[in-house]
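Basis for what follows: all heavy atoms, side chains included, without hydrogens, waters or symmetry-related copies.
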Amino acid sequence: MLASLVTSVSRAQDSTSSVVEVGDVSVISWPVPSREAIALGELADHPSFWAGIGYRSATPLRLVLVPNASAMRRYTGGRAPIWGAGLAFPSSRTIILRHDAGNQQQTLRHELAHLVLHDAVKVRLPLWFDEGYAAVASNEWDRMDALRLSWIVLRRDLPGFRELDGALRGGESAAEKAYTLAMSAVLELGRRNPAGTLDSLLARLGRGEAFPEAVRGSTGIPLDVFESDWQRTIKHRYNLVIWLSAGGFWLLVSFMVAIAWWVRRRYDRPRRQALDVGWVIDPELREGEPTGQEPT
């Protein structure tokens, strides 16, 4: 897979793409590097603070900007989902971004987080933690995520970690929910540490501890117990009250207003149709005078 990726990008470099070196970042874009492409290269080249890891640079790396979803799938060998905006390949130090999708700076930071995490941690990580950490590190959690999570809880649609990994590989709707849940699980891992951070967990992982042992060492509980506790905590924290306070109240009000408007329109339809019967337009009436007469 990595060999085919390198071959695809290399062929593209020889044909229609342009390459610009921004520090330790090679930016490849179609058709030519724009100011935006160079700005993304500068962002990728700059060291940043990463939760639980500290200040690090993800360089050297190759940043590939493709124009759309079809190009994304072509240059990733079909590995990228049709809705995906970015993909990172830590082993080849390559990030591919779609030029036409999402907030490119935030997507780039998400993919950079994957590279930084895999630089700091060499042990195998579950997909939910890998994606959840990248989302947390790129500051993707916002009010809408709290609202979405509350809605998931209200529907009692709360998977375990194994199911979460499967959902992250699924369609856009399932993956969107899974990313929100993965973020909440990573944030909860930080809260369960006495210091309230991910520092201890990532330090243990960096020293080579397996993920379950690192979770137990940093939180004091086994991974399976944390999984159950996380599910209970999420159900308790993100309930109907939180959903309403996070914006669900106004969504509900808007929905009720829309329903009331539709019912009123349906109720008034016969009367409006009756009022239209018998009206005659006189073409000789002057502008500004009444244009209808009462039916006889």
Side-chain angles (χ1 to χ4, degrees), residues 1-46 48 50 56-119 124-125 127-128 130-135 137-138 140 165-176 178-179 182:
M1 175 63 207
L2 292 177
S4 64
L5 172 67
V6 172
T7 300
S8 296
V9 173
S10 297
R11 287 175 179 171
Q13 285 181 238
D14 294 338
S15 55
T16 61
S17 69
S18 294
V19 185
V20 61
E21 301 294 330
V22 182
D24 289 327
V25 180
S26 298
V27 184
I28 306 168
S29 63
W30 285 260
V32 295
S34 62
R35 291 182 180 178
E36 183 180 1
I38 295 173
L40 290 172
E42 291 173 344
L43 177 62
D45 188 54
H46 195 274
S48 297
W50 304 95
R56 287 215 183 183
S57 171
T59 57
L61 63 90
R62 175 165 41 190
L63 175 60
V64 184
L65 303 177
V66 297
N68 50 43
S70 61
M72 182 80 155
R73 290 186 65 80
R74 183 163 66 252
Y75 291 113
T76 60
R79 187 169 177 177
I82 192 67
W83 48 267
L87 201 63
F89 296 86
S91 297
S92 63
R93 309 207 65 78
T94 300
I95 292 174
I96 303 182
L97 298 183
R98 274 177 56 185
H99 188 266
D100 66 337
N103 180 332
Q104 289 190 346
Q105 290 190 353
Q106 188 173 68
T107 302
L108 174 58
R109 184 165 174 84
H110 180 106
E111 304 306 334
L112 289 171
H114 285 302
L115 265 61
V116 170
L117 179 61
H118 283 260
D119 285 344
R124 185 178 181 85
L125 297 172
L127 181 61
W128 65 264
D130 199 340
E131 293 295 348
Y133 175 83
S138 54
E140 294 178 25
D165 282 353
L168 286 165
R169 298 186 179 96
E172 183 174 5
S173 178
E176 188 178 68
Y179 271 99

Could you tell me if the side chain of L40 sits less than 4.5 Å from the side chain of V27, heavy atoms only? no
Distance, nearest 0.5 Å, that separates CG of N68 from CD1 of I82: 9.0 Å
Heavy-atom nearest pair, G84 first then M72, reads O-CE, 4.4 Å
Of all heavy-atom pairs between L65 and A37, which one has the smallest distance, and what is that distance? CD1-CB, 3.4 Å
Considering all heavy atoms of both residues, which atom of A178 and which atom of A167 are nearest to each other, and what is their separation? CB-CB, 3.7 Å
Spell out, as yes or no, whether a donor-acceptor pair under 3.5 Å connects the side chain of R93 to the backbone of L115. no
Check whether the side chains of S34 and E36 place a donor and an acceptor atom closer than 3.5 Å, and report yes or no. no
Nearest-0.5 Å distance, CD of residue E111 to CD of residue Q106: 11.0 Å
Quiz item: cation-pi between R98 and W83, 6.0 Å / 45°: no
Taking the side chain from E131 and the backbone from Y179, do they hold a donor-acceptor pair closer than 3.5 Å? no
Of all heavy-atom pairs linking T59 and A44, the shortest is CG2-O, 3.6 Å
Between L117 and L125, does the side chain to side chain contact (heavy atoms under 4.5 Å, CB included) criterion hold? Intermediate values first, please. CA-CA 10 Å; L117 179 61; L125 297 172; 3.7 Å; yes
Here the gap from S138 atom OG to W50 atom CH2, rounded to the nearest 0.5 Å, amounts to 7.5 Å
On a heavy-atom basis, the closest approach of A88 and I95 is CB-CG1, 4.2 Å
Determine whether L108 and L63 make a side-chain contact, defined as any pair of heavy atoms from C-beta on separated by less than 4.5 Å. yes
Nearest-0.5 Å distance that lies between atom CG in L61 and atom OG1 in T94: 8.0 Å
Within the 3.5 Å criterion, strictly below it, is a donor on H118 or H114 matched to an acceptor on the partner's side chain? no
Distance (rounded to the nearest 0.5 Å) between R62 CZ and D24 CG: 14.5 Å
Spacing of CG belonging to L168 relative to CG belonging to L127, to within rounding of 0.5 Å: 5.0 Å
With the side chain counted from C-beta on, respond yes when D165 and R169 share a heavy-atom pair under 4.5 Å apart, and no when they do not. yes
Closest non-hydrogen atoms of L112 and A58, given as atom of the first, atom of the second and distance, are CD2-CB, 3.7 Å
